[in-house]
Protein chains: 2
Amino acid sequence: MSCLARHSQTLRARGYRMTPQRLAILEALHHDGHLSPAQVYQRVRQTGVTEATVYRTLEFLRANGIVFATYGCDGHLTYELGGYDHHHLVCRICGTQVQVKQEMLQDALNRIEQQTGYRMTDGHLTLVGLCPSCQGNSQAQA
Amino acid sequence: MSCLARHSQTLRARGYRMTPQRLAILEALHHDGHLSPAQVYQRVRQTGVTEATVYRTLEFLRANGIVFATYGCDGHLTYELGGYDHHHLVCRICGTQVQVKQEMLQDALNRIEQQTGYRMTDGHLTLVGLCPSCQGNSQAQA
DNA sequence: GCTCTTCTTGAGAAAAATATCAATAAAGAT
DNA sequence: ATCTTTATTGATATTTTTCTCAAGAAGAGC
């Protein structure tokens, strides 16, 4: 079963529906990786999808665990398809991102799950820190 | 030296200035903990601070490590003063937050620092997961 | 096929957040 | 204290994001 078909099934099982608009947005994300809402809209507007629908759908897909929101250091959201085994570490000054493999966090997340009762294994995290070059910048010191 | 005086000094050392507007915003955060930009504005508007200045100042203080931005699960930002030894874990469905002590993450963050060169010890993290009650909800399954 | 229920969308209004630019004011030097 | 430099603010316009609500469409049952 294709990735999109599986998502359709997931949504139907929860009482939701897979619509042409949602398909178009998923395909845009599938094709391009990280996209802001405005970039998604650029890619799907030709199909008649409204701007409001783009925002609504991205939030909907995020709440359902199908796409992940990455909070850039500038406070803007970008979205990407789920299924990755990594998280992101973003510099709070310049916004540069690097990947952090799931296993780097596995032990800590397990402990947190045990202590809090939250489940953290199925989601995307955006960590914030200072990248090497911004550490030397005088404006970057904490 | 008071907390606010230290922040003034920090900013001056970087070529910035401590203004009445920035002081008012810092005091609002000091008094109330987590606040959204709109809530901050409610508390400082009486002093004549503009809405645009609130947004600008919060982003400025965040980039300088004086306040931390917490990204709620709804995509809205809230801000809080720095200096805490804990992070936040927020449910991606209902937004409920719990605290996560720094030591729970210390080992993982040390490893990530070594591998990436980023510095993570002076910052606030917002982790995202599923809270216990939303795990049972059919709409919450991943 | 038809009906019913309810999830979804589009259109437009509303609110939140950002950008521009001239005027203001803070910090340092004289 | 005064002057100079330039960071900072307010006012305004603009963009981005959210909300409301009636119309449209998907799925279930008959």
Side-chain angles (χ1 to χ4, degrees), chain A residues 4-5 7-26 28 35-64 66-67 69-79 95 138-139, chain B residues 4-26 28 35-64 66-67 69-79 95 137-139:
Chain A
L4 293 177
H7 291 320
S8 302
Q9 212 173 42
T10 302
L11 290 185
R12 262 201 306 277
R14 297 179 195 167
Y16 299 127
R17 299 163 190 171
M18 180 56 76
T19 64
Q21 292 87 345
R22 286 173 183 171
L23 263 181
I25 289 169
L26 279 173
L35 291 176
S36 68
Q39 291 172 318
V40 172
Y41 177 61
Q42 283 302 320
R43 286 162 176 73
V44 300
R45 63 184 307 175
Q46 52 183 344
T47 67
V49 177
T50 305
E51 216 166 358
T53 297
V54 170
Y55 284 101
R56 256 187 316 220
T57 301
L58 288 172
E59 163 59 21
F60 169 85
L61 294 172
R62 184 202 60 75
N64 279 276
I66 292 174
V67 306
T70 301
Y71 303 91
C73 92
D74 57 356
H76 285 163
L77 291 176
T78 63
Y79 293 87
S138 69
Q139 299 185 1
Chain B
L4 293 178
R6 195 171 62 247
H7 291 321
S8 302
Q9 212 174 41
T10 303
L11 291 185
R12 264 201 307 277
R14 296 177 196 169
Y16 298 127
R17 298 163 190 173
M18 180 56 76
T19 65
Q21 291 88 345
R22 287 176 182 171
L23 264 181
I25 290 170
L26 280 173
L35 291 176
S36 68
Q39 290 171 319
V40 171
Y41 177 61
Q42 284 302 320
R43 285 161 177 74
V44 300
R45 62 184 307 174
Q46 52 183 342
T47 68
V49 177
T50 304
E51 216 165 357
T53 298
V54 170
Y55 285 102
R56 257 187 315 218
T57 300
L58 289 172
E59 164 58 21
F60 169 84
L61 294 172
R62 184 202 60 76
N64 278 275
I66 292 174
V67 306
T70 301
Y71 302 91
C73 92
D74 57 356
H76 286 164
L77 291 176
T78 62
Y79 292 88
N137 185 328
S138 70
Q139 299 185 1

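Letters A, B, ... are given to chains in the order of the sequence lines, protein chains preceding strands, and every chain is numbered from 1.
The side-chain heavy atoms of B:His7 and B:Met18, taken from C-beta on, include a pair separated by under 4.5 Å. The closest side-chain heavy-atom distance from A:Thr10 to A:Arg14 is below 4.5 Å.
Regarding A:Tyr79, its OH atom lies at a distance of 9 Å from the P atom of D:dT17, rounded to whole Å. Atom CD in A:Gln42 sits roughly 13 Å away from atom P in D:dT15 (whole-Å rounding). We find that CD of B:Glu59 is positioned 10 Å from P of C:dA19, with the value rounded to whole Å. Following rounding to the nearest Å, B:Gln39 (CD) and C:dA16 (P) show an atom-to-atom distance of 11 Å. If you take CZ of A:Arg22 and C1' of D:dA26, they are 11 Å apart, rounded to a whole angstrom. Put simply, CZ on B:Phe60 is 16 Å from P on C:dT18, counting in whole angstrom units.
The stretch residues 43-58 of chain B comes close to DNA chain D through B:Gly48, B:Val49, B:Thr50, B:Thr53, B:Arg56, each having a heavy atom under 4.0 Å from the strand.
Both tests hold for A:Arg22 against A:Phe60: distance to the six-membered ring centre under 6.0 Å, angle to the ring axis within 45°.
Rounding to the nearest 0.5 Å gives a distance of 11.0 Å between OG1 of B:Thr50 and CZ of B:Arg45. The structure places CG of A:Leu11 at 11.5 Å from CZ of A:Arg17, a figure rounded to the nearest 0.5 Å. Rounding to the nearest 0.5 Å gives a distance of 9.5 Å between OH of A:Tyr41 and OG1 of A:Thr53.
The backbone N or O of B:Val44 sits less than 3.5 Å from a side-chain atom of B:Thr47, completing a donor-acceptor pair. With B:Arg56 contributing its side chain and B:Glu51 its backbone, the two residues share no donor-acceptor pair below 3.5 Å.
The phosphate of D:dA25 has neither OP1 nor OP2 within less than 4.0 Å of any side-chain N or O from A:Gln21.
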Whether each nucleotide of nucleotides 24-30 of chain C has a protein heavy atom under 4.0 Å at its base (B), only at its sugar-phosphate (S) or at neither (-) is summarised, 5' to 3', as -BBS---

